[in-house]
Amino acid sequence: MGSAIWTDDLCIVSGDNRSWGDSNTVVELWCRSKQGHSTLLLVNGMRPYIEISPKDNGCSGTEEEIKQVLEISTVIDIQPPVIKWTSQGEAPHWRVLVRDTTVVSRLRERLRADWRVTSADIQFHKRLMLDLDLGPHIRAKGQILYASDGAPEEVRKLSPESEDALENILEIGGRGLYPVDIVMSCNAEDLETCEPFQTPFVTLSIDLETSIATNNILCAAVVIDRAGERTEHVYRGDERTEILEPICQLVREQDPDIITGYNIDNFDLPRILDRTEALAKKDERVDLFGWGRVPLDEKSRRIIPNRGQNRTWNISGRVPMDAWWQVRQTLRPERESLRFVSALIWPEDEDRRKLDVDSSRMDEEWASRPEEVIRYCLRDTHLPLDILQHLQSVQQKEALAAVARTSFSTAAIETTSQWIDSLVIRLADRENVAVPTTRQGRRGEQIAGGYVHEVEPGLRSWVAVLDFKSMYPSIMISNNICSTTLVDSEFHEDMEDDLVSPSTGTRYRSHKNRPGLVPRLLSDLMAQRDQYKAEARKARNEGNEQAAFLNERLQFAVKILMNSFYGVFASAFYRFTHKDIGASITEWARHNIRSIISDLGNDGYDVVYSDTDSIFVRTRGLDNAPIDKPDESEDSFAIWSQARSETISFGRRLAERYSKEGAELEFETAMSAFFSHGAKKRYVGRVVWPREEMLIRGYEVRRTDSFRLLTTTMTMLFEHILQGKQESAVDRTRKVIDRVRAGDIDIADLVISRSCKGKWNKRESKWDFSVYKNEDGLPYVRAAKQRIERGLGFTPGMKVGYVVSNANSSPMQVSAWLTDELGEEPPAYDAEYYAKRLATALGRITEAFGWSEKELLQGSRQQSLFDF
DNA sequence: GAGGTGTCCTAG
DNA sequence: TCAGCTAGGACACCTC
């Protein structure tokens, strides 16, 4: 081969590895370049390994024992031992180099009998990122093996003839001609991290319209988004030759990094797989669903997308990002149909949510007006792209990848423990700390969590709210909490400067003695976040909006990442966890907050409420100040204003008094009024600083399984209460209850919606709700069954809307809410049920002022007689 | 009707 | 949802 060397800045989309030759492994990194070209890196020069160390009642590491391991046929070599830190003391660790990645899991299980096995369950492309200390954005130098017509001119000039290309790729362990713009061969040392940038990813969105009678695909639309530029593609006709095969070709030509759609995980992708299996013999299926970013080869299992037990699909080299899932996670809408969500995001835009096609009668619609169906299908293909754009999902995941130093794919579709692994393992390796495998097995006793202060029912005036900044991370930093600093009395002596948890006495080594890995990572992240914040501010001041957004996303990603640490370390199965770690973090938290509460109590202050890391304290001496903001012309305005500034300075004083090194108490808000009916995690506040707003927590208003009439009535009630107008609040509440009884209500305001689980039973071709102990005892499951019967889609975990039509029978009768999707008449509702539910929920609140639920139900008329 | 169980959803 | 955590409120349903 010639010296066709090329250097490029790339973002790693996803990775995999392949064993080749006698004993080689090549890592495949699918990337998108800063300039927009798709590039596959084939990286050679790394050998898979696992590590072994002595085990009680097993091998101790004698020369003879090591020799025996070396004799195992899949073991290539063993490196001289390195002393590594383990939870049971320091021990020699031998790195066992293995033939290739295919033999790792069997060898691991075999060696486990006699050895402690570590660093033995890390995917090889992740291992490469860890060992080379790479993040997602890299500068790669390598030899051009192949360049398609889509590659830049200068790269094509470096590319060998195409016959040679295939041969060259195979020669270094590649699978064949990958469907990408550029294939490069690199050595491990040719890769390095570069500055994060915003990658011009290519996204493909797809939507199918299918027959209800036969499950066939009637038509499909695909929209490709190339850094904002969209192209549309429509398919109809023969399912195989005019729909699936051309779509497959399009995927391979256009080579998207991200696959999206609305509900693709549970609908479009499974349906395409089903139809592929029905239409084509095994060896022909690659032509229909060979979407993987690997060469067309019917023998490769990786070319056809698959889904194991996971929620998300595995599409080699690409990242499925279901717009439905993104919406759920970030917007938490009350209902999740594409129609409802479009209306939520673009309330002004009628076109985006018009119902031109009745999807429950798709076969008739397709027969009578196919053009409308296609138009509708095409619109629903654009919408997921609009949604991802609106939510900034892709950019946010890329920022997370940058700060967690993972591939885009790990940030976008893998789990929190994978993000933490990426940071912790690379530090552990650098510091010779052994990396245990993920624990399996049952979860034991639950650890105790945060402290929640009892709250008295009623209205309180002038309250300062304070909370600890990043409480759990701060506790982990200041007490040096880490599995590497935990003192296990079985293996370690106590030391004088150990940090000891307040009640159970869990001990950690001092920072001076042995700085923990996790505390160091966390304080680095805190500093990094401050830096991104500063850079965002600077960029904004300089008018550089793009840099401001980038830094804003990065600082937010750091926040998400920092907050994930506690949960992962408190989990039962994480590789670096110990049950005492999670328990002692929360123990310190409870101790800190309770001592402040009791201190304030001793000083005569009234602590109104507290939850985990927050404290609500009344300002003294303001009992007569008005809570409702008077008009500036009124005399009382000065009193209100004075009360506000006193509360602010009180809050600031408290923050100062109780902040200490590593536990910063921040003054968060000032409230002129605080109300709770006496239940923890449920309160309302009238915030007067730093903004003026009403803050509601926990109440039905916040819940997606409430109904809109309850939400709006309760909001009204709170507004009145916080203005001190209880009487008129009660009267208006009664009127609403009257209207429900009289049928003078928009039924859409009575829809209740809850998530419903379910599994597709392939054998019987129907949805299975047996995850529930008593499936028919749950209203939302009954509603889901009605939906399915009507030919509407169901996906596991989706929210199912319904209206209660008769609550006198047990179980109550419900009618699924199909109006969003089918535009049909709303069902009849049980007026007494809704009147009662309103009265119960609102009565809990009015009870605090002496109006019971019963009184609310009595109706507004008698009350009105007295009023007027 | 009280009390227990199962389930969802939220606060932090 | 083979992998972040606990505390807590509320509702429907079932049993006695």
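Chain letters run A, B, ... following the sequence lines, proteins first, then strands; residues in each count from 1.
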Once you apply a heavy-atom cut-off of 4.0 Å, does [X] come out as touching a base, just sugar-phosphate, or nothing?
| X | value |
| --- | --- |
| A:Trp419 | nothing |
| A:His677 | sugar-phosphate |
| A:Asp467 | nothing |
| A:Arg782 | sugar-phosphate |
| A:Thr704 | sugar-phosphate |
| A:Gly567 | base |
| A:Tyr609 | nothing |
| A:Lys579 | nothing |
| A:Met471 | nothing |
| A:Arg328 | nothing |

> Taking the same atom, P, in C:dC5 and in C:dT1, what whole-Å distance lies between them?
Replying inline: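 Pairwise P distance, C:dC5 against C:dT1, rounds to 15 Å.
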> To the side chain of A:Gln446, which of C:dA7, C:dG4, C:dA12 is closest?
Replying inline: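 So the side chain of A:Gln446 is nearest to C:dA7.
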> Closest to the A:Ser571 side chain: C:dG4, B:dC8, C:dC13?
Replying inline: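 For the A:Ser571 side chain, the nearest candidate turns out to be C:dG4.
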> Side chains of A:Thr715 and A:Thr712: donor-acceptor distance under 3.5 Å anywhere?
Replying inline: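 Looking only at side-chain atoms, A:Thr712 and A:Thr715 do not form any donor-acceptor pair under 3.5 Å.
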> Where each residue is assigned the nucleotide of DNA chain C containing its nearest heavy atom, which of A:Ser809 and A:Lys680 is assigned the position nearer the 5′ end?
Replying inline: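 By nearest-heavy-atom nucleotide position, the 5'-most residue is A:Lys680.
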>> Using a strict threshold of under 4.0 Å (side-chain N to carboxylate O), is an ion pair present between A:Lys680 and A:Asp611?
In response: no
> Going by an N to O cut-off under 4.0 Å, is there a salt bridge joining A:Arg328 and A:Glu336?
Replying inline: yes
>> Let me spell it out: for each of A:Tyr772 and A:Arg697, pick the nucleotide of DNA chain B with the closest heavy atom. Which residue's pick is nearer the 5' end?
In response: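 The residue mapped nearer the 5' terminus is A:Tyr772.
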>> With side chain to side chain contact (heavy atoms under 4.5 Å, CB included) as the criterion, how do A:Lys559 and A:Arg529 come out once you've worked through the C-alpha distance, each side chain's angles and the decisive distance to 0.1 Å?
In response: CA-CA 7 Å; A:Lys559 180 184 172 178; A:Arg529 185 169 177 219; 3.5 Å; yes
> Are OP1 or OP2 of B:dA11 and a side-chain N or O of A:Arg702 less than 4.0 angstrom apart?
Replying inline: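 For B:dA11, OP1 or OP2 has a side-chain N or O of A:Arg702 closer than 4.0 Å.
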